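Have a look at the structure below before the remarks.
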Amino acid sequence: MNRALSLLGLLLPVMVQATTPNEALLQQAVSEGRVRPFHEVMEVASLLPVRVLRVDLGEEDGIWLYELKLIDSENSVIKVGYRADNLEMVWLKGHHLERLFEPRPPQEED
């Protein structure tokens, strides 16, 4: 997961620029609390047993939404949407979604 976070840290400026039509609008939304910081959505995503492939941020009708493309341990692609203001999950799409809610095995100590 740490490698994915490092890679996303490098790609985030490119991804945000590609998906955000107006940087000033995004900065205003962040300062007003309508968009939670990127690291917070990654913390929420880390609670799921998946790897993050892509993160998009967009706005529609005044509501900002983080859209994540994920892959689980069986290589199933999952898409999830979080409200950007409170990081509440608003939709989840994919196959075998039940795997997201199975108890995780204990992690081994290094």
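Every value quoted in this text rests on a predicted model; they were computed, and no experiment measured them.
Atom CZ of Arg34 and atom CG of Leu25 lie 6.5 Å apart (nearest 0.5 Å). The line from NE2 of His96 to CG of Leu100 is 11.5 Å long, rounded to the nearest 0.5 Å. Expressed to the nearest 0.5 Å, how far CE of Met89 lies from CG of Leu48 amounts to 5.0 Å. Between atom CG of residue Asp72 and atom CD1 of residue Ile78 there is a gap of 4.5 Å, rounded to the nearest 0.5 Å. With rounding to the nearest 0.5 Å, the separation of CG in Leu65 from OH in Tyr82 is 11.0 Å.
Closest of all the heavy-atom pairs between Tyr66 and Phe38 is OH-N, 3.5 Å. Across all non-hydrogen atoms, the minimal contact from Leu68 to Ala45 is CD2-CB, 3.6 Å.
Under a cut-off of 6.0 angstrom, the local environment of CD in Glu32 is crowded, with over 12 non-hydrogen atoms contributed by other residues, nucleotides or ligands. The 12-atom threshold is not exceeded at NE2 of His95, counting heavy atoms of other residues, nucleotides or ligands nearer than 6.0 Å.
The hydrophobic clustering, which links ILVMFWY residues whose side-chain heavy atoms are closer than 4.5 Å, places Val90 and Val44 apart.
Evaluation of the salt bridge (Lys or Arg N to Asp or Glu O under 4.0 Å) rule for Glu40 yields Arg36 as partners, not counting sequence neighbours.
Across Val77, Val55, Val80, a single residue satisfies side chain to side chain contact (heavy atoms under 4.5 Å, CB included) together with Leu70, and that is Val80.
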Audit row: Trp64, Val30, side-chain contact (heavy atoms from CB on, under 4.5 Å) steps and yes/no
CA-CA 10 Å; Trp64 288 86; Val30 171; over 6 Å; no
Between Val52 and Met42, is a side-chain contact (heavy atoms from CB on, under 4.5 Å) present by the stated rule, with each step listed?
CA-CA 8 Å; Val52 177; Met42 292 305 294; 3.7 Å; yes
